[in-house]
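These notes concern the structure reproduced below.
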Amino acid sequence: MQKQEFHKVINALKLGEGEKVKLRGWIDNVRHQGGLTFIDLRDSSGKIQVTIKKQNLTNVNYEEIIKNLSREASVSIEGIIKVDPRAPGGKEVTCNSIQIIGKSEEYPIRKGVSVSYLLDHRHLYLRREKMQAILKIRNKLLEGARRWFLENEYFEIQCPTFITASVEGGATLFKVDYFGRKAYLTQSSQFYLEAAIFGFEKVFTIQPSFRAEKSRTRKHLTEFWHLEAEVAFATHDDIMEIEEDLLYNMVKYAVDECKKEFELLKRSNFEAPKRPFIRMTYLEALEIIKGKGFDIKFGDDIGADEEKVIANQIDRPAFIMYFPKVTRAFYHQPHPEDNSLTLSSDLYAPTQGEIATGGQRIHDLNLLLKRIEENNLNPKDYEWYLDLRRYGSVPHAGFGMGIERIVKWVTGINHVRDAIAFPRTSNRVYP
RNA sequence: GCCGCCUUAGCUCAGCCCGGUAGAGCACUCGGCUGUUAACCGAGGGGUCGUGGGUUCGAAUCCCACAGGCGGCGCCA
């Protein structure tokens with residue numbers, strides 16, 4: 001298309017009475033009124049009402065053009081800004097000339113359609129204001145994260161999707177046929193990040209992880225975006241401080257940059273979390289949960305109902321520290337004062353629950369081998385990972401955050417599948 | 001993997017308990033309307049009631065199986 005000067009809707013709304021505008025975008029809604037037609041014109045920046053009056057059109061005849069003004073048709077228009085209290089937002093465009101760029105068939109997205117219908121039509125639902133707002137906030141959260149990593153001199157590395165060994169012995173991996181060999185889709189880049197710290201020291205990655213669990217919850221996807229970091233010489237305390245500073249700054253950035261989007265989601269009262277974040281031990285968490293009448297004992301995992309107890313009573317993110325060894329994967333560093341505990345923590349967001357997990361990794365070769373055996377795993381599966389402890393091993397720590405869970409928390413939506421453009425769940429790989 | 005609910009017009013649902021072969025709203029088509037905000041008013045077209053089997057003179061309706069979807073648990077980020 002020839003390059004032309006068009007206004008963005010957001011800028012058109014700043015102009016005064018009588019100023020000329022050229023706009024292009026999509027018809028969000030249309031209302032015919034005899035010789036008068038209203039369209040809500042939408043572009044990537046917002047919506048504005050355009051009035052098309054029979055006598056004002058210079059380029060085509062009115063009856064001919066309104067036939068093709070269906071929802072989601074793409075159009076370019078020229079007109080004049082008019083201040084009018086009857087228009088949404090107080091301003092509208094009186095149209096002088098209109099051109100249909102692309103006609104639209106009967107648009108399937110309407111009020112009152114079901115959740116599964118919207119998921120089947122996600123490729124079209126994506127253009128609705130609500131989805132746009134969520135994804136813009138997601139975008140700024142990720143931008144905020146990258147800015148923080150850049151300011152703090154981290155190295156961004158990209159890790160493989162095809163892998164051979166599991167990070168968490170237990171979690172279910174997607175199996176793929178790799179030219180006749182068995183391979184899997186990655187569930188975490190942690191081991192690769194650990195390899196990268198020997199040289200880069202502070203590294204991070206933002207890429208998808210895959211879990212072949214048929215989870216039917218509002219917080220699980222089979223393909224989710226995983227923000228992971230690993231830091232040489234860092235302790236468990238250091239890594240919590242890093243998680244806190246990162247999370248605070250990425251949320252603050254999104255809140256500052258997306259005022260309009262938060263307003264649209266009716267979430268203007270959401271603020272960047274207060275600091276410092278809460279730090280409580282696993283044992284303290286158990287006491288709180290017991291206090292609510294739950295029967296839970298040392299060594300038990302914190303289940304969904306128990307997680308809610310904690311999530312609903314915190315006013316800012318909270319670390320739950322020092323999980324028992326029996327609840328954690330083999331690579332976690334034992335607590336120096338209590339060998340049954342680990343130097344690890346889950347990070348909970350208010351009302352949401354777990355959004356990140358981090359901790360200190362075992363850097364001693366013999367201890368790591370011992371833990372592999374205790375977990376009935378085969379050391380041969382972890383040869384290259386063990387190698388990292390053979391050549392200048394250093395204490396180190398890292399964490400992983402679930403991007404969609406953070407988006408869900410920040411935007412207040414009630415399912416992670418709306419926190420990503422094209423969600424993948426156990427029974428959805430389309431569109 | 002387990003538990004619960006749902007599946008009837010393009011979409012959202014009513015009808016099912018107490019069996020007699022279907023109805024509303026929205027969308028669509030046509031007509032009307034110069035101030036609508038999910039516009040409105042009038043008319044019209046549109047359904048082998050998820051699939052298979054069973055009971056019955058007769059099944060959307062009762063029974064069984066299967067499939068798909070949604071919600072929750074487990075698992076986790």
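Below, read A as the first sequence line, B as the second, and so on, with proteins coming before strands; counting in each chain starts at 1.
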Nearest-Å distance for atom pair CD1/P, residues A:I109 and B:rA27: 15 Å

Length of the line joining A:E63:CD and B:rC33:C1', which is rounded to integer Å: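 Going from CD in A:E63 over to C1' in B:rC33 covers 13 Å.
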
Using a cut-off of 4.0 Å on non-hydrogen atoms, how would the nucleic acid contact of [X] be classed: base, sugar-phosphate, or nothing?
X	result
A:E105	nothing
A:D301	sugar-phosphate
A:Q55	base
A:E404	nothing
A:E106	sugar-phosphate
A:S116	sugar-phosphate

Let's test this: given Watson-Crick or G-U wobble pairing with both distances under 3.5 Å, identify the partner of [N].
N	value
B:rA24	B:rU12
B:rG68	B:rC6
B:rC18	none
B:rC40	B:rG32
B:rC73	B:rG1
B:rC62	B:rG54

OP1 or OP2 of [N] sitting under 4.0 Å from any side-chain N/O of [X]?
X	N	result
A:R428	B:rC70	yes
A:R216	B:rG72	no
A:K308	B:rC73	yes
A:S114	B:rU12	yes
A:N427	B:rC70	yes
A:K53	B:rU34	no
A:R218	B:rC73	no
A:T217	B:rG72	no

Pair of N/O donor and acceptor under 3.5 Å linking B:rC75 base with A:H220 side chain: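 Counting by modelled atom types and ignoring angles, a donor-acceptor contact under 3.5 Å is found here.
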
5' priority, RNA chain B, between A:L36 and A:L221 [closest heavy atom]: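 Its nucleotide being nearer the 5' end, the pick is A:L36.
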
So that I know where these two stand, are [X] and [Y] an aromatic pair - ring centroids less than 6.0 Å apart?
X	Y	answer
A:Y253	A:W148	no
A:Y282	A:Y322	no
A:W26	A:Y107	no

Step-by-step side-chain hydrogen bond (donor to acceptor under 3.5 Å, both in side chains) determination, A:H332 to A:T342: CA-CA 6 Å; A:H332 286 96; A:T342 58; 5.4 Å; no

Side chains of A:S345 and A:H236, donor plus acceptor under 3.5 Å: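 Yes, side-chain donor-acceptor contact under 3.5 Å.
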
Aromatic ring of A:F38 stacked on base six-ring of B:rG35, 5.5 Å, 30°: no

